[in-house]
2 protein chains.
Amino acid sequence: MDRKWVTMGDVARAAGVGKITVSRALRTPSKVSADTLEKVQKAVVALGYVRDETAGALSSQRSRVVGALVSTLEQPVFASTIRGLEEGLSAGGLQLLLGSTRYQPEKEALMVSTLLGRRPDALVLTSSDHTEDTRRLLSGAGLPVIELWELPETPIHAAVGFSNRAAGHDMARHLIASGRRAPVFLRTDRASDTRADMREKGYLDALEGHAPRIHSLPPREDQGGPDYGAEGLAQVLQRWPDTDAVICVSDALAVGALCEARRRGIDVPGALAVTGFGDIDVAGAAALDLTTIRIDGAAIGREAARLTLAACDGEDIRGRRIDLGYQLIRRATG
Amino acid sequence: MDRKWVTMGDVARAAGVGKITVSRALRTPSKVSADTLEKVQKAVVALGYVRDETAGALSSQRSRVVGALVSTLEQPVFASTIRGLEEGLSAGGLQLLLGSTRYQPEKEALMVSTLLGRRPDALVLTSSDHTEDTRRLLSGAGLPVIELWELPETPIHAAVGFSNRAAGHDMARHLIASGRRAPVFLRTDRASDTRADMREKGYLDALEGHAPRIHSLPPREDQGGPDYGAEGLAQVLQRWPDTDAVICVSDALAVGALCEARRRGIDVPGALAVTGFGDIDVAGAAALDLTTIRIDGAAIGREAARLTLAACDGEDIRGRRIDLGYQLIRRATG
DNA sequence: GCGCCCTATGGTATCGATACCACCACTTGC
DNA sequence: GCAAGTGGTGGTATCGATACCATAGGGCGC
């Protein structure tokens, strides 16, 4: 299974030039004569040479790798973010080293340190809730850090996202304005899901005299699919039978809650409004037609890639907060 | 923004030992006395040292990185596969370098060569359709290659997946056995989606005299969400008005087709059966209750991680084909 | 015609870790 | 009591690329 890799020296010998010339021919072709360039390119093809980027990283102190951490890949919106990020970065010649934290700050701390071991040129974090350890590591590392999906007051360096609080507020406001009297906020109770926390805060902001009703489902291994939402609605109705709206913290929960409501013969949206968050692709399908908040995940990723490339280019990105907003999509369920 | 990284030499000086001892303390603690170990660990914490893995990779010729390519992350089943893979690998001390090919073999060729530049210890490919260039690169590179989601007759080295052909066959068989006379196979027409091709072959195998009806939707930028499935059903019904079953190549298409059928007032499953592929989490929700083929994406990832770790341990994995099967989930739509 | 600069190229040191070998201080066996 | 082992430690070369400096050769201005 083992084979020696072709090295730059091999290519140099084959092309009859010095190896530094090979390096230049590949990295900065403009600094090499057309003649030499061709010889080198021929030798590269003939030998099937692939440059060892790790060696290059060591000597140039630039790895051309960006570390990224997501809470989970299994929510399609995050997957879209990663796609946008990957596309943007690879266009700029950067590669993506990926990890997931599963909403656990301790896991994040571990992963950050693992990623730093690869000496990435930048770090992208899909979260803004970090342990003290993480913050210390990051501030000591001296590399650009970009936070996504939230807009903290004082980001570590820069952030790309939207206001979860405002979004939660708008949704609650919308329901109250259309006559709902007893809206419930349904969420999972993960220890550190700051996005859910902020949406909940927004919900509370919007109540204006209505009684706050927050129902938290205990965290589970799976990330909270529709089954969980169905269960959640059952609990909510038992706890507050007069509920007339359920604001779910995610579309997955909302789909479950909606189906459970229909199963029980509850009139949606007549007797009960159900709303989601994220606008996953099935949310708009006719059988569901869910009212929700649309987030453009891919755009967040693309914007993050733009910022990253700028930072790698030496630009100072500290303090930048890019708000990409959200959109309340009013459909049939509320 | 720049700061010098702490090196192993710094730690060695602080701990009053040689730097090779530091290396051993971190990599193989058992070979160092308890006393020295403690001194080193203290120095590591005090200085906030993070080992430079790229330098380590260069000298040990083992990068502890695994390159992975997926067709897309936006199908939840692939996201699950990546989660399974990542969990398995990180438990074994390996990191994941991720790229996506968007179902384009040329993009795959490019990404493989980019990944090889990082000198990964293994490669995981979510596809079995490779260009000649890719095959040459891979065979020359001399590293373990694991293909997922398909079971080619002769994998490059090893494969983990299931028979897409058998799954397509079983679904068609199931519908015909329950009395359907004119089943249609609905798919998107991507140039190189071999999984869809195999499912289609399976469908054809099962027809036994019934007329083959395959409707291909032209490829589009988005990966084919429910909207596309709705459009697809409309086209199918126009082309073959007597259609009594639609076998969709993915759940996303099926959800769209199902909703479109209901919108038109078609009796499902009475007049029309609709089936999907993948069993995404909303498929089972009451409002959809889709008949589909369940694939355990996470298990595929975990099994791939196991194989990868074995291969990195020196085991010869050539010729292994691990069949994880699938499950026909019969629900309300057929 | 001389000196200057600019382009193209090569040599050598270097990045930060690990492999390999050497060595020392003990213990163990006979 | 001495050779042979063993566990712990350090020195030095090395991995494969790039940075930095040096150099050769030509064109051009004065």
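Below, chains carry the letters A, B, ... as their sequence lines are ordered, and counting in each starts from 1. Computation of the quantities below employed the complete heavy-atom set of this structure, encompassing side-chain atoms and omitting hydrogens, waters and symmetry-equivalent molecules.
A distance-only check finds a donor-acceptor pair linking the side chain of A:D121 to the backbone of A:R64 [under 3.5 Å].
DNA chain D is contacted by both A:G56 and B:S30; B:S30 maps to the nucleotide lying nearer its 5′ end (nearest heavy atom per residue).
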Give me, pair by pair, the N or O atoms of the protein and of nucleotides 19-27 of chain D that are less than 3.5 Å apart, along with how far apart they are.
none

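Of the residues B:R190, B:R195, B:R102, the one that meets the side-chain hydrogen bond (donor to acceptor under 3.5 Å, both in side chains) test with B:S71 is B:R195.
Residue contacts shown for A:T54 are absent, as no nucleic acid heavy atom lies under 4.0 Å away.
Taking CG of B:L137 as the reference point, atom CG of B:L123 lies at 10.0 Å (rounded to 0.5 Å).
Contact annotation: A:T7 does not reach the phosphate of D:dG16 (side-chain N/O to OP1 or OP2, under 4.0 Å). The phosphate of D:dA17 (OP1 or OP2) has no side-chain N or O of A:S23 nearer than 4.0 angstrom. OP1 or OP2 of D:dT9 lies within a sub-4.0 Å distance of a side-chain N or O belonging to B:S33. Neither OP1 nor OP2 of C:dT14 sits under 4.0 Å from any side-chain N or O of A:Q61. Distances shorter than 4.0 Å separate some side-chain N or O of B:Y49 from OP1 or OP2 on C:dA17.
A 4.5 Å side-chain heavy-atom check between B:L89 and B:L85 finds at least one atom pair inside the cut-off.
For the pair A:L37 CG and C:dT9 P, the interatomic distance rounds to 10 Å; values are reported in whole Å. Rounded to an integer number of Å, the gap from CE of A:M8 to P of C:dG10 is 13 Å. Rounded to an integer number of Å, the gap from CZ of B:R64 to P of C:dA17 is 13 Å. In this structure, A:E53 atom CD and D:dT18 atom P are separated by 8 Å, rounded to whole Å. Counting to the nearest Å, the P atom of D:dG16 and the CG atom of A:D52 are 7 Å from each other. Spacing between atom CG of B:D10 and atom P of C:dA17 amounts to 9 Å, rounded to whole angstrom units. Put simply, CG on B:L47 is 16 Å from C1' on C:dG16, counting in whole angstrom units. For the pair B:K19 NZ and D:dA13 P, the computed distance is 12 Å after rounding to whole Å.
Using a cut-off of 4.0 Å between Lys/Arg side-chain N and Asp/Glu carboxylate O, A:E38 and A:K42 are scored as salt-bridged. Between B:E315 and B:R320 a salt bridge is recorded (basic side-chain N to carboxylate O distance below 4.0 Å). Using a 4.0 Å cut-off between charged side-chain N and carboxylate O, A:R83 and B:E74 make a salt bridge.
A distance below 6.0 Å separates the ring centres of A:F78 and A:W149.
Side-chain proximity of A:T36 to C:dA17, C:dA8, D:dG8: nearest is C:dA8.
Residues B:L94 and B:L309 approach most closely at CD1-CD2, 3.6 Å, considering heavy atoms.
Checked by atom type, the side-chain pair B:E147/B:H130 shows a donor-acceptor distance below 3.5 Å.
If one axis is set at each end of the helix from C:dG1-D:dC30 to C:dC30-D:dG1 from five pairs, those axes are 30° apart, to 10°.
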